[in-house]
Amino acid sequence: MHNPFVPETVEGWSLLHQAFHLDWRALHALSSAERQAIAAEAAPLFARPPWRESGVGDVGQSILVQMLGHKGDLLLVHARRTFDELSQAQLDVAQTRLFELLVPASSYVSIVELGMYDMTAKIHGQLEERGLAAGSEPFDQAFDEELAIQARRMAPRLFPILPRRRQVCFYPMNKRRGEVKNWYAESFESRAAMMREHGHIGRQYAGRVTQIISGSIGLDDWEWGVDLFADDPLVFKKLIYEMRFDKASAEFAEFGPFYVGLQFDAAELGALLDGRTPALDTSTP
Ligand code: FEC
């Protein structure tokens, strides 16, 4: 059943964000050689996937982010095709010696999503023009076929190779469901117009930021996860500030904690354990 008031979504990677504190006291008790051995054992879990012109990832990927601030030291972002694979990624980390030095700080489960307000209205209109009755089996079948076409078209957005950009910002957020302001009580047209304005502002930042929106309704404590990747952290500040003025954010957005940090190469894990800022080689894709 396709409800014309509910924007259709197409889905991609299952995501698990894991934030950890490092147990510095335990690390300091180890020799540098031991720390390097621990890093070398864990590094293969964060191997870069082969670069593809299409930008579409294959089996999945896990990346490392050194976090700034007290909310954690290390953020792991796992992207996989299924929850089973995501669970294995979590267990693989738990099997390493590195894990014995990690203290869980936070985690977040979500699924990459593309919300399709304009497309939802368009498909409903087209199918009704073709004489298909909303709610009938042929209508639903034709709708599902159209969504499958959209999902194939959107594959680089749904299953992206995670951007190799140094600056990473992640936070969960909700659309307000208050007594006065309630996103879900707004008409479809009003929500669609606000999302158009939102997309318009976002596209002004094309090239400077790569955003991955994941949905987490029914999966975690907030409704969406927002991952942003950039070369300059100022871009996060300016983009998110500008968006505060768009109606969807000004009236309806509620934000969870922000996590920011620096993406780094698996080969640099030893540097982090030794207390040096780990680097990311961005000279190759
Ligand atoms: O109702 C929903 O579907 C809400 C899901 C949703 C949230 C969300 C929040 C943020 N976005 C941010 C950055 C960008 C940038 C672009 C962009 C575009 C879209 C489109 C949809 C969409 N965003 Fe969004 N965003 C959500 C959904 N956003 C749908 C339009 C279709 C598309 O292009 O994907 C431009 C992308 C581009 O280059 O084409 C950049 C940021 C936030 C959190 C801050 C805020 O004030 O909301 C930043 C939730």
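Below, each value reflects all heavy atoms present in this structure, side chains not excepted, and no hydrogens, waters or symmetry copies. In what follows, residues are counted from 1 in the order of the sequence shown. Whatever order the structure lists them in is the order used to number ligands and atoms, beginning at 1.
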Look at [atom] and say which protein heavy atom is nearest, naming residue and atom and giving the distance to 0.1 Å.
atom                    : answer
atom 31 (C) of ligand 1 : R203 NH1, 4.4 Å
atom 2 (C) of ligand 1  : W224 CZ2, 3.5 Å
atom 27 (C) of ligand 1 : M195 CE, 3.4 Å

Between [Y] and [X], is there a side-chain donor-acceptor contact under 3.5 Å, judged purely by atom types and distance?
X    : Y    : answer
E34  : S32  : no
Y259 : S106 : yes
S87  : R80  : no
R165 : T210 : yes

Evaluation steps, side chain to side chain donor-acceptor pair (under 3.5 Å), between E8 and Y117 = CA-CA 7 Å; E8 299 289 342; Y117 272 96; over 6 Å; no
Would you say [X] contacts ligand 1, with heavy atoms under 4.0 Å as the rule?
X    : value
F236 : no
R157 : yes
E223 : no

Near [X], which atoms of ligand 1 are under 4.0 Å from a heavy atom of that residue?
X    : result
Y171 : 41 (C), 42 (C), 43 (C), 44 (C), 48 (C)
G115 : 29 (C)
S249 : 45 (C), 46 (O), 47 (O)
L114 : 34 (O)

Could you check whether the rings of F255 and F258 sit parallel, tilted or perpendicular, using 30° and 60° as the cut-offs?
->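 Tilted: the ring planes of F255 and F258 meet at 30° to 60°.
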L76 versus L45: any side-chain heavy-atom pair under 4.5 Å?
->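 L76 does not reach L45 side chain to side chain.
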In Å, rounded to the nearest 0.5 Å, how long is the span from CG of L158 to OG of S214?
->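 Nearest 0.5 Å value for the CG-OG distance: 12.0 Å.
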N-O pairing of E254 and R176 below 4.0 Å =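 Salt bridge present between E254 and R176.
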Step through the shown structure and confirm whether more than 12 heavy atoms of other residues, nucleotides or ligands are within 6.0 Å of CZ on R52.
->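 Result for CZ/R52: enclosed.
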Is it true that the NZ or CZ of R244 lies under 6.0 Å from the centre of Y241's six-membered ring and within 45 degrees of the ring axis?
->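 Output no; distance or angle outside limits.
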Quick one: look at [X] and ligand 1, take heavy-atom pairs under 4.0 Å, and tell me if it's side chain, backbone, both or neither.
X    : value
R191 : neither
L239 : side chain
T9   : neither

Does the ring center of F139 lie less than 6.0 Å from the ring center of H124?
->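 F139 vs H124: aromatic centres under 6.0 Å.
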Can you check the number of protein N/O/S atoms within less than 2.8 Å of atom 24 (Fe) of ligand 1?
->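 Of the protein's nitrogen, oxygen and sulfur atoms, 1 lie under 2.8 Å from atom 24 (Fe) of ligand 1.
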